[in-house]
Undergrad: 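Questions regarding the structure given below will be posed in turn.
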Amino acid sequence: MKLLIFVTGRGTGGDAVTAYNIFQSLQKKNIESKIVLDPSAPGYYFKKRNIEWLKSPIPAAGGHASSKSRLFKAALKSFKAIISGSKLIKEEKADGVVGVIGGGVVIGCSSAKLARVPSVGIVATPTDTKISLKLNPTLLLPESPLFTKDVVESKYDIQKQYSPIKEDIIYGDKNNILSKLPSQYDSSKKSVLFSSGSTLFDDMAYAARKYAEENDDVNIFVIGAPLKEELEDVINHPNIMNLGYINYMSDLYDLIDLAIITDDGLTLHETLACEIPVVVVLGVKYGRYHGLSKVFEGAVLESNVENISEKVNYALENYNQMYNSTKNYSDDIINGTNDLTTFIVNHISQ
């Protein structure tokens, strides 16, 4: 079996990581797969891992933040992209297609339909969810607006699925990084992490700064490359340990007690898999809101910049209760990657 994995975006962020984790899991099942990116995508995430990719147009509409005008413009570009995608599928003699989020689903699954090969959509936005349900079997990620619905209508199979994480993320060892930490790290204190992913967004930086100004009895870590240069000044505070862009996340997860992150994506799944309670700062990424505190009830609290100290300190004061709640989700998240690719293989091999 040979599958093409169509991926939206630039091949650098969360969608690329999702696709890579699927690629790796399929490889363990002895399934050949190839990544497909838009020709403009630099694909740094795959390049760093020496993974070559195919190129075919995958217009982006902005996902959860897409406007009607952006959706319309993307739709106009999509017709040609679907034809190009169909040609690629035939040229590669692929047995099926996996569409990963947003344009990856819209173009990948539509191209598969035109090429008359089976496909599976992995969805997280209103648009990709709507289209995938009409075209093929669908895996609903927690960010999808239908994930919490009791009834979802489609003539194809549907499965609610946690996001696929790296299977080794839970095996970090804090002892590997103690020598890398700044001198102000105090092992006798609780440790919290502020992160909006590989990129540090404005509101996450402001949340970290506000918490640092109001609290000095906790180790405060901030990671990610600042979206703007001036954010370096925002997180330049004696109580903040700015680690920048790092490549030792699993070890850091083993060190921290609480994660303050965004209301989306793989980081939230990774932290819960590692049994780390979470506070999400709402609206950090272009105003997005997914309501994942409802999906992971008891393990995730919602906050904003203004009340960050109140929420983080509440989480620390009620740590044992929240920690116990993470155990309700950890195993299912850890097993989720294998469950996801099993669904893909079963439906494309039919």
Side-chain angles (χ1 to χ4, degrees), residues 5-9 13-26 58 60-66 97-109 119-154 156-167 169 196-197 261-273 278 280 285-286 288-297 299-300 328-347:
I5 305 174
F6 281 69
V7 189
T8 193
D15 294 341
V17 180
T18 297
Y20 174 76
N21 292 344
I22 294 169
F23 174 89
Q24 290 283 85
S25 183
L26 287 170
I58 305 177
H64 291 275
S66 60
V97 165
V98 180
V100 178
I101 304 174
V105 171
V106 175
I107 303 304
C109 294
S119 60
V120 171
I122 300 170
V123 303
T125 75
T127 302
D128 64 17
T129 300
K130 187 181 298 183
I131 290 175
S132 185
L133 291 175
K134 293 178 180 179
L135 293 179
N136 42 247
T138 299
L139 289 157
L140 296 169
L141 300 184
E143 292 89 344
S144 170
L146 298 186
F147 187 89
T148 54
K149 299 291 184 182
D150 293 331
V151 179
V152 180
E153 295 183 1
S154 174
Y156 301 101
D157 282 349
I158 301 164
Q159 182 169 298
K160 294 179 180 181
Q161 185 67 57
Y162 293 135
S163 294
I165 63 171
K166 296 178 185 176
E167 295 178 356
I169 199 71
S196 49
I261 55 179
T262 55
D263 182 40
D264 68 342
L266 287 171
T267 304
L268 190 146
H269 284 77
E270 290 176 350
T271 51
L272 293 180
V278 170
V280 293
K285 295 181 178 178
Y286 315 112
R288 297 176 187 170
Y289 176 70
H290 302 300
L292 294 188
S293 63
K294 300 181 184 69
V295 175
F296 301 109
E297 190 173 355
V300 177
N328 295 330
Y329 311 104
S330 178
D331 285 346
D332 287 340
I333 293 173
I334 292 167
N335 296 327
T337 306
N338 180 65
D339 293 343
L340 183 150
T341 50
T342 297
F343 181 94
I344 291 171
V345 173
N346 288 344
H347 284 82

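Note that the coordinates shown come from a computational prediction; the quantities given were computed from them, not determined experimentally. Heads up: numbering here begins at 1 and tracks the sequence.
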Undergrad: So which atom in Gly99 and which in Val105 form the shortest heavy-atom distance, rounded to 0.1 Å?
TA: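 So the two residues come closest at O-CG2, 3.2 Å.
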Undergrad: Measuring from Ile58:CD1 to Ile107:CD1, what's the distance to the nearest 0.5 Å?
TA: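 Output value for this atom pair is 7.5 Å.
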Undergrad: Could you give me the CA-CA distance, side-chain angles and deciding distance for Val280 and Leu292, then say whether side chain to side chain contact (heavy atoms under 4.5 Å, CB included) is met?
TA: CA-CA 9 Å; Val280 293; Leu292 294 188; 5.9 Å; no
Undergrad: Walk me through it: do Thr129 and Val152 pass the test side chain to side chain contact (heavy atoms under 4.5 Å, CB included)?
TA: CA-CA 11 Å; Thr129 300; Val152 180; over 6 Å; no
Undergrad: Looking at Ser119 and Pro137, what are the two nearest heavy atoms and their distance?
TA: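 Closest pair (atom of Ser119, atom of Pro137, distance): O-CD, 3.4 Å.
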Undergrad: About how many Å separate CG of Asp128 and CD1 of Ile101, when rounded to the nearest 0.5 Å?
TA: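 Nearest 0.5 Å value for the CD1-CG distance: 7.5 Å.
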Undergrad: Quick check on Lys134: does its NZ atom have over 12 non-hydrogen neighbours (other residues, nucleotides or ligands) under 6.0 Å away?
TA: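 No, because the 6.0 Å sphere around NZ of Lys134 holds 12 heavy atoms or fewer from other groups.
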Undergrad: Just to verify, what does Thr341 make a side-chain hydrogen bond (donor to acceptor under 3.5 Å, both in side chains) with, not counting sequence neighbours?
TA: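 Applying side-chain hydrogen bond (donor to acceptor under 3.5 Å, both in side chains) to Thr341 gives Ser25.
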Undergrad: What pair of heavy atoms forms the shortest contact from Leu266 to Pro164, and how long is it?
TA: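 Looking at all heavy atoms of both residues, the closest pair is CD2-O, 3.2 Å.
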Undergrad: For residues Thr8 and Asp15, is any side-chain donor paired with an opposing acceptor at under 3.5 Å?
TA: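 Per modelled atom types, Thr8 and Asp15 side chains form no pair under 3.5 Å.
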Undergrad: By the definition side-chain contact (heavy atoms from CB on, under 4.5 Å), identify the one residue from Val278, Ile333, Val300, Ile165 that meets it with Thr271.
TA: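 Running side-chain contact (heavy atoms from CB on, under 4.5 Å) over Val278, Ile333, Val300, Ile165 with Thr271 returns exactly one hit, Val278.
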Undergrad: For the CD atom on Gln159, are there more than 12 heavy atoms of other groups (residues, nucleotides or ligands in this structure) within a distance under 6.0 Å?
TA: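 Counting neighbours around CD of Gln159, more than 12 heavy atoms of other residues, nucleotides or ligands fall under 6.0 Å, so yes.
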Undergrad: Under the ring pair (Phe, Tyr, Trp, His ring centres under 6.0 Å) test, which residues partner Phe296, sequence neighbours left out?
TA: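 In terms of ring pair (Phe, Tyr, Trp, His ring centres under 6.0 Å), with neighbours along the sequence ignored, Phe296 is linked to Tyr162, His269, Tyr329.
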Undergrad: Given side chain to side chain contact (heavy atoms under 4.5 Å, CB included), test Thr138 with Tyr156 step by step and report yes or no.
TA: CA-CA 7 Å; Thr138 299; Tyr156 301 101; 5.9 Å; no
Undergrad: Please name the pair of heavy atoms, one in Leu146 and one in Leu140, separated by the smallest distance, quoted to 0.1 Å.
TA: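 Closest pair (atom of Leu146, atom of Leu140, distance): O-CD1, 4.2 Å.
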Undergrad: In Å and rounded to the nearest 0.5 Å, what is the CG to CD1 distance from Leu26 to Ile22?
TA: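 The distance works out to 7.5 Å.
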Undergrad: Val120 pairs by side-chain contact (heavy atoms from CB on, under 4.5 Å) with which of Asp157, Asn136, Leu139?
TA: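 Filter result, single survivor: Leu139.
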Undergrad: What's the separation between atom CG in Asn335 and atom CG in Leu340, rounded to the nearest 0.5 Å?
TA: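 It is 12.5 Å, given to the nearest 0.5 Å.
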Undergrad: Roughly how far apart are Phe343 CZ and Ile122 CD1, rounded to 0.5 Å?
TA: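 The distance works out to 9.5 Å.
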Undergrad: Quick check: closest heavy atoms across Leu272 and Ser330, and the distance to 0.1 Å?
TA: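 So the two residues come closest at O-CB, 3.6 Å.
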Undergrad: Roughly how far, to the nearest 0.5 Å, is CG of Leu133 from OG of Ser144?
TA: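 Rounded to the nearest 0.5 Å, the OG-CG separation comes out at 7.5 Å.
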Undergrad: Taking all non-hydrogen atoms of both residues into account, name the closest pair between Lys160 and Thr148 and its distance.
TA: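 That would be NZ-C, 4.2 Å.
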